[in-house]
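For reference, the structure is listed below as structure tokens.
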Amino acid sequence: MGLLKELRPILRGFMINKEGDIMSKEDDIVSTEEKTVRLLDDNLKRMDGRKLDELGDIRIEAGALGRADGSCYLEWRGNKVYAAVYGPREVHPRHLQDPTRGILRCRYNMAAFSVGDRKRPGPDRRSVELSKVMGEAIGSVVFTRQFPRTSVDVFVEVVQADAGTRCAGLTAASVALADAGIPMRGLIASCAAGKIEGHIALDLRNEEDNFGDADLPVAIMPRTDEILLLQMDGHLTEEEFFQALDMAMKACHEIEQIEKQALLKKYKEALGGEE
Ligand code: ADP
């Protein structure tokens, strides 16, 4: 398929099996575990009452933190995430300065109390990976050449997690960057789609992520539909992959509207206007 060929460069973490299905390289080869957890009822409604293609509730507050140059607090289903942006500011240590452009640094962190079982505090392999992929997604929309020798630092702190935190974090980071006045080609919106009990579903909860068949986090710049992040856990056929991608991208357009509303609300209030 032509589109698959075009996507091949960004499908680096994936492989295609003999049947032509797209799999993440980290897939279990065979899962013999019995799946006893029910994720869908007889009417294909999910356990939280959502339809398969229904996005969870999202609430975004721009400028939630007083000390940062730009910030955001975001609630998305069971996820609660803060994003704080500092900069552009002088880079320390100075040898890291780039005279041609600013550098963008992103740190994703999940609080010890953010999950059911206490998570060991501090960076781990997962948070290092997420900081990297989120930083690359953000770096590709920010006009870094406008502020050489400086850095923009983005901190994403997950205080409550319910799957989809990289998407929630990227969405919050985008609002915080806009709030800080960082010049960008467009906002970033991010959402995952996946597969549960054989059906493609949008915005998986933790249980659906754990007991489902696949999860496909996507981030785009809705203004151009450019894909900024695309990862996959699990196993999807080529048709399912494109169905999930399409579903996630449509949701990103909805999310962009919520981001814009949050930014407008803050700045209308700041100007003393009506909401
Ligand atoms: P994302 O949060 O972007 O979906 P993952 O798929 O790695 O990223 O994680 C899915 C969910 O699993 C997280 O949102 C969180 O609820 C849970 N989780 C991740 N890491 C841990 C951990 N160390 N301990 C407990 N739960 C975790």
Side-chain angles (χ1 to χ4, degrees), residues 13-14 22-28 31 33 35 37 39 46-48 50 55-60 72-83 106-138 154-175 188-196 200-220 227-236 241 244-245 247-249 251-252 255:
F14 300 66
I22 302 164
M23 303 168 72
S24 79
K25 281 188 180 154
E26 288 170 11
D27 266 354
D28 291 336
S31 171
E33 216 174 283
K35 288 179 185 165
V37 176
L39 301 174
R46 294 149 76 174
M47 293 304 139
D48 61 358
R50 279 188 294 152
L55 194 56
D57 288 336
I58 301 179
R59 193 179 74 81
I60 302 180
C72 173
Y73 173 61
L74 178 146
E75 288 182 356
W76 183 338
R77 294 180 285 96
N79 293 310
K80 295 185 179 180
V81 178
Y82 283 95
C106 176
R107 195 193 73 170
Y108 165 99
N109 182 53
M110 218 163 74
F113 51 82
S114 65
V115 286
D117 301 318
R118 177 181 177 274
K119 179 200 160 283
R120 193 160 178 258
D124 51 20
R125 266 174 59 131
R126 177 176 172 276
S127 65
V128 170
E129 177 210 323
L130 295 199
S131 301
K132 179 177 185 288
V133 294
M134 289 166 70
E136 285 170 357
I138 296 167
V154 181
F155 296 91
V156 171
E157 293 288 328
V158 177
V159 293
Q160 188 174 292
D162 182 25
T165 58
R166 78 196 68 197
C167 299
L170 263 176
T171 302
S174 171
V175 172
I188 300 172
S190 181
C191 184
K195 184 176 166 187
I196 49 174
I200 298 300
L202 186 67
D203 184 20
L204 305 189
R205 292 179 304 125
N206 200 23
E207 202 175 45
E208 295 172 333
D209 189 8
N210 289 344
F211 297 99
D213 307 312
D215 186 36
L216 185 84
V218 176
I220 64 168
I227 295 176
L228 307 171
L229 175 141
L230 180 61
Q231 297 184 288
M232 189 169 91
D233 258 343
H235 187 183
L236 293 175
F241 171 82
L245 181 61
M247 199 185 257
M249 285 178 71
C252 287
I255 294 164

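We count ligands from 1, going down the list as the structure has it; atoms in each ligand are counted the same way. Residues: numbered from 1 along the sequence shown.
Residues I255 and S190 come closest through the heavy atom pair CD1-O, 3.5 Å. In terms of heavy-atom proximity, V81 sits nearest to A168 at CG2-CB, 3.9 Å. Nearest approach of A248 to A192, heavy atoms of both residues: CB-C, 4.4 Å.
Checking side-chain atoms of D215 against main-chain N and O of D209 turns up no donor-acceptor pair under 3.5 Å. A donor-acceptor contact shorter than 3.5 Å is absent between the side chain of D213 and the backbone of L236.
Residue contacts with ligand 1, taken as heavy atom pairs separated by less than 4.0 Å, involve D209 solely via side-chain atoms from C-beta onward.
Considering L204, D233, L230, I200 as possible partners of L216, the one that fulfils the side chain to side chain contact (heavy atoms under 4.5 Å, CB included) test is L230.
The nearest protein atom to atom 11 (C) of ligand 1, hydrogens excluded, is given as N206 OD1, 3.4 Å; this is a heavy-atom distance. Looking at atom 14 (O) of ligand 1, its nearest protein heavy atom turns out to be A163 N, 2.8 Å. Of all protein heavy atoms, the one lying nearest to atom 21 (C) of ligand 1 is M110 CE, 3.6 Å. Ranking the protein heavy atoms by distance from atom 27 (C) of ligand 1 puts V115 CG1, 3.7 Å first.
The pair R77-D48 does not count as a salt bridge, with every side-chain nitrogen at least 4.0 angstrom from each carboxylate oxygen. Residues R125 and E129 are not paired through a salt bridge, judged by the lack of any N-O separation under 4.0 Å between the basic side chain and the carboxylate.
Looking at T165 next to ligand 1, an N or O pair under 3.5 Å apart turns up. Ligand 1 has a nitrogen or oxygen under 3.5 angstrom from a nitrogen or oxygen of R126. Note: an N/O pair closer than 3.5 Å links G164 and ligand 1 by distance alone.
Within ligand 1, counting atoms from 1 as listed, the ones closer than 4.0 Å to a heavy atom of K119 are 23 (N). Listed by number with element, the atoms of ligand 1 under 4.0 angstrom from any heavy atom of R166 are 1 (P), 3 (O), 5 (P), 6 (O), 7 (O), 8 (O). Those atoms of ligand 1 that come under 4.0 Å of a heavy atom in A161, given as number and element, are 14 (O), 15 (C), 16 (O).
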